[in-house]
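Keep in mind it's a predicted model, so treat the numbers as computed, not measured. Every heavy atom of this structure was used, including side-chain atoms; hydrogens, water molecules and symmetry mates were not.
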Amino acid sequence: MHVARIGFIGLGLMGRPMAKRLLAAGHELKVFNRSKAPVEELVRHGAEAAGSPGEAADKSDYTILMLPDSKDVQGVVLGEKGVIYGAKPGSIVIDMSTISPAVEREIYKSLKQRGVGYLDAPVTGGTIGAEQGTLAIMVGGDYEVFKEAEPILRVLGQRIVYMGPSGSGQMTKICNQISVALSLFGACEALLLASKAGLDLDKVIEVISSGAGSSWQLANLGPAIVNRDFRPGFKAEHLMKDLRIALEIGQELNLPLPGTALIHQLFKSLAARGEGALGTQAVVKVLEDLARHTVSRSSGGA
Ligand code: NAD
């Protein structure tokens, strides 16, 4: 196997397990993160610590980003001591965060002028997919650059699809997030009704999950809702950001997205309660407030 030198920036819920997989596959990693504890954790796994994003990119064949939002990626790539000042011509920067497609196209142009390849390669599959290397990855950018980066992406994901020019990966991911948010909304409402009607919630999840009403959201987050486990696999504030981007794109394209607008408002209400850092399943709390009913195994009813 060819050992690659990889810079990795953004060691949060997703970035940490992804970086560990790359190390376990035998690659050399230089890591950077805003807070230091995750850097120390990766150093214990054999990575080297970088003092800035530019230093992580310096001498790296690939630099991978896994950051929250558009402004974070812009700052890390184009800002002071940014990736653009370290990345050598011929190397490839891969942004795996979920951000605005328009911002990706700007960054792509800036890096291309310096001879550096740039891919937007957002992922889906959650922290479990990140740990197991089973993410789905949707990629935008130059096809030759994609082919060169594909062996590295294969360490992280199972289904890797080239979507087209720069920004296409993010555009696909935003479509994915609309589907995620609205199926989560469906799962929450179904559980609320099941609870109010006094049904056995475990049986409800089991039987619905094997038929036409099944969804990843219901199967994976339904049990968490019933168990009142709101710890984040995917933070509500990140899905709220994705829905914001979807609505901005809808505005540009003059496309009505009524379901997206509604669920975005519910997430804003969750954030207003100071609970944006909880997992996305916590949006059920907003619906519970409207209903004056809490999803619970013990509630009587029908
Ligand atoms: P997170 O909030 O857990 O982690 C983000 C990390 O980036 C943190 O460690 C933070 O310290 C670091 N960071 C933030 N700004 C920085 C900066 N300027 N410089 C250096 N480091 C910085 O987020 P996450 O759940 O890992 O998600 C990352 C991205 O992946 C987001 O765009 C999210 O929407 C997307 N995503 C998340 C999931 C999921 O299930 N968690 C799944 C698919 C995609």
Undergrad: Flag yes if more than 12 heavy atoms outside Glu206 fall under 6.0 Å of its CD atom; otherwise flag no.
TA: no
Undergrad: For a quick check under 3.5 Å, do Tyr108 and Asp120 share a side-chain donor-acceptor pair by atom type?
TA: no
Undergrad: When rounded to the nearest 0.5 angstrom, what is the spacing between CG in Leu266 and NE2 in His264?
TA: 10.5 Å
Undergrad: Verify the neighbour count for atom CZ of Arg159: are there more than 12 heavy atoms of other residues, nucleotides or ligands below 6.0 Å?
TA: no
Undergrad: Could you measure the distance from the CG atom of Leu42 to the CG atom of Leu11? Nearest 0.5 Å is fine.
TA: 5.0 Å
Undergrad: What's the verdict on salt bridge (charged side-chain N to carboxylate O under 4.0 Å, His left out) for Arg44 and Glu40, showing C-alpha distance, side-chain angles and the deciding distance?
TA: CA-CA 6 Å; Arg44 286 196 293 277; Glu40 285 157 16; 5.2 Å; no
Undergrad: Would you kindly check if the NZ (Lys) or CZ (Arg) of Lys36 is within the cone defined by 45 degrees around the ring axis of Phe32 and under 6.0 Å from the six-membered ring centre?
TA: yes
Undergrad: With the side chain counted from C-beta on, respond yes when His238 and Asp69 share a heavy-atom pair under 4.5 Å apart, and no when they do not.
TA: no
Undergrad: Side chains of Tyr85 and Glu80: is there a donor and an acceptor less than 3.5 Å apart?
TA: no
Undergrad: Measure the spacing between CD1 of Ile94 and OH of Tyr62 and express it to the nearest 0.5 Å.
TA: 7.0 Å
Undergrad: Could you tell me the separation between the CD atom of Glu28 and the OG atom of Ser60, rounded to the nearest 0.5 Å?
TA: 9.5 Å
Undergrad: Starting at CE of Met163, measure out to CG of Leu119 and round the result to the nearest 0.5 Å.
TA: 14.0 Å
Undergrad: For atom CD of Glu144, is the number of surrounding heavy atoms from other residues, nucleotides or ligands below 6.0 Å larger than 12?
TA: yes
Undergrad: Just wondering, do Arg297 and Asn227 contact through their side chains at under 4.5 Å, heavy atoms?
TA: yes
Undergrad: Let me confirm one number: the CG-CG distance from Leu201 to Leu199, rounded to the nearest 0.5 Å.
TA: 7.5 Å
